[in-house]
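Values in this document were obtained by computation on a predicted structure and should not be read as measured data. By convention here, the first residue in the shown sequence is residue 1.
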Amino acid sequence: MRQELREVLFQIELLKRKKVQDFLLRNGLTPGQGQARILVFLAGHPWVSQRETADACMLDVTTMSRTLDKLEKQGLILRERDPKCRRSYRISLTDAGRAKARELTAGFQELEAILCSGFQEQEIEALIGQLLRVKENLIQHKMHE
């Protein structure tokens, strides 16, 4: 039974990942580099620092810098030096970036609808509670070396 749980969770993750990867590629983005997270974050936070964006999107500074370079080349973001700190940049979306962020948000909402399809609200709440227990188990328990 426990092995079945692990396998089902793994299969769900693979299916979800495939749907998201296909969606990102159709939208001209590279999966796995945080481009979508960055664009969606910036849609709600104009002119934030590169560091704030990296922290909010859970990306290391090197990955963030390379990803921002790509987004800037695609014309989706603007970077300018922060007048308060000569080593810091502020980032904002261009009009094309805002449009792309709206497309991404709609796509992620569609994914949520797919994930929740066929469930009643109370079933979703119960499932979330159970998955949070699984998460807590993973956080608290160490595996033997």
Worksheet item: Taking all non-hydrogen atoms of both residues, which atom of V48 and which atom of F41 are closest, and how far apart?
Response: CG2-CE2, 3.8 Å

Discussion item. Could you check whether any side-chain N or O of S92 sits under 3.5 Å from a backbone N or O of P46, counting only pairs where one atom can act as donor and the other as acceptor?
Written reply: no

Practice prompt. Determine yes or no for a side-chain-to-main-chain donor-acceptor pair under 3.5 angstrom, with Q35 supplying the side chain and T30 the backbone.
Written response: yes

Worksheet entry | Distance in Å, L15 CG paired with F10 CZ, rounded so as to fall on 0.5 Å steps | 10.0 Å

Practice prompt. Quick one: pull up CD1 in I128 and SG in C116 and give me the separation to the nearest 0.5 Å.
Written response: 7.0 Å

Worksheet item: Atom CD of E4 and atom CG of L9: how far apart are they, to the nearest 0.5 Å?
Response: 10.5 Å

Discussion item. Please evaluate residues L42 and I91 with respect to the criterion side-chain contact (heavy atoms from CB on, under 4.5 Å), reporting the C-alpha separation (whole Å), side-chain torsions for both, the decisive distance (0.1 Å), and the verdict.
Written reply: CA-CA 8 Å; L42 290 174; I91 309 160; 3.5 Å; yes

Response to the item:
Distance col, row E80:CD vs Y89:OH, nearest 0.5 angstrom, shows 11.0 Å

Worksheet item: Quick one: does K70's side chain have a donor or acceptor within less than 3.5 Å of a partner on S65's backbone?
Response: no

Worksheet item: Would D55 and R51 pass as an ion pair if we require N to O under 4.0 Å?
Response: yes

Item to complete: Mind checking the CZ-CG spacing from R66 to L68? Nearest 0.5 Å is all I need.
Response: 11.5 Å

Worksheet item: So, does T67 use its side chain to make a donor-acceptor pair with the main chain of T63 at under 3.5 Å?
Response: yes

Worksheet item: Side-chain heavy atoms under 4.5 angstrom apart, residues restricted to Ile, Leu, Val, Met, Phe, Trp, Tyr: same cluster for L111 and L104?
Response: yes

Item to complete: With the side chain counted from C-beta on, respond yes when T53 and L59 share a heavy-atom pair under 4.5 Å apart, and no when they do not.
Response: no

Worksheet item: Can you check salt bridge (Lys or Arg N to Asp or Glu O under 4.0 Å) on R26 and D22, steps first, answer last?
Response: CA-CA 6 Å; R26 282 193 313 274; D22 291 346; 5.2 Å; no

Practice prompt. Quick one: closest heavy-atom pair of E136 and Q140, and the distance?
Written response: OE2-NE2, 2.6 Å

Discussion item. Do L115 and V20 sit in one hydrophobic cluster, given that two such residues count as connected whenever their side-chain heavy atoms are within less than 4.5 Å of each other, even indirectly?
Written reply: yes

Worksheet entry | Minimum side-chain heavy-atom gap L76-L93 below 4.5 Å | no

Worksheet entry | Considering all heavy atoms, the nearest L24-P31 contact | CD1-CA, 3.9 Å

Discussion item. Other residues, nucleotides and ligands only: do more than 12 of their heavy atoms fall within 6.0 Å of CZ on F119?
Written reply: no

Item to complete: Given salt bridge (Lys or Arg N to Asp or Glu O under 4.0 Å), test K16 with E13 step by step and report yes or no.
Response: CA-CA 5 Å; K16 183 180 73 67; E13 179 58 27; 3.7 Å; yes

Item to complete: Test N27 against E103 for side-chain contact (heavy atoms from CB on, under 4.5 Å), laying out the working first.
Response: CA-CA 8 Å; N27 279 278; E103 291 173 31; 2.6 Å; yes

Discussion item. Taking CD in E123 as the centre, count heavy atoms belonging to other residues, nucleotides or ligands within less than 6.0 Å. Is the count above 12?
Written reply: yes

Discussion item. Is there a continuous path of hydrophobic side-chain contacts, each under 4.5 Å between heavy atoms, that joins I114 to L14?
Written reply: no

Practice prompt. Evaluate the criterion side-chain contact (heavy atoms from CB on, under 4.5 Å) for residue pair R90 and Q50; output intermediate values, then yes/no.
Written response: CA-CA 6 Å; R90 296 184 320 159; Q50 189 166 316; over 6 Å; no

Fill in: Any donor-acceptor N or O pair under 3.5 Å, side chains Q11, E7
no

Discussion item. Please check this pair: side chain of R37 against backbone of C57, looking for a donor-acceptor N/O pair closer than 3.5 Å.
Written reply: yes

Worksheet entry | Pairing of R98 and D95 as salt bridge, 4.0 angstrom limit | yes

Discussion item. Once rounded to the nearest 0.5 Å, what's the spacing between atom CE of M64 and atom CG of L71?
Written reply: 9.0 Å

Worksheet item: Is the shortest distance from a Lys or Arg side-chain nitrogen in K73 or D69 to a carboxylate oxygen in the other one below 4.0 Å?
Response: no

Worksheet item: Step by step, would you call H45 with E52 a side-chain contact (heavy atoms from CB on, under 4.5 Å)?
Response: CA-CA 10 Å; H45 302 86; E52 290 170 309; over 6 Å; no

Worksheet item: Just by modelled atom types, is the T62 backbone N or O under 3.5 Å from a matching donor or acceptor in the D60 side chain?
Response: yes

Fill in: Sidechain-backbone polar pair: T105 side chain, A101 backbone, donor-acceptor under 3.5 Å
yes

Worksheet item: For G107 and F23, which heavy atoms make the closest approach, and how far apart are they?
Response: CA-CZ, 3.5 Å

Discussion item. Please tell me whether F108 and L29 are part of a single hydrophobic cluster in this structure, the criterion being side-chain heavy atoms less than 4.5 Å apart.
Written reply: yes

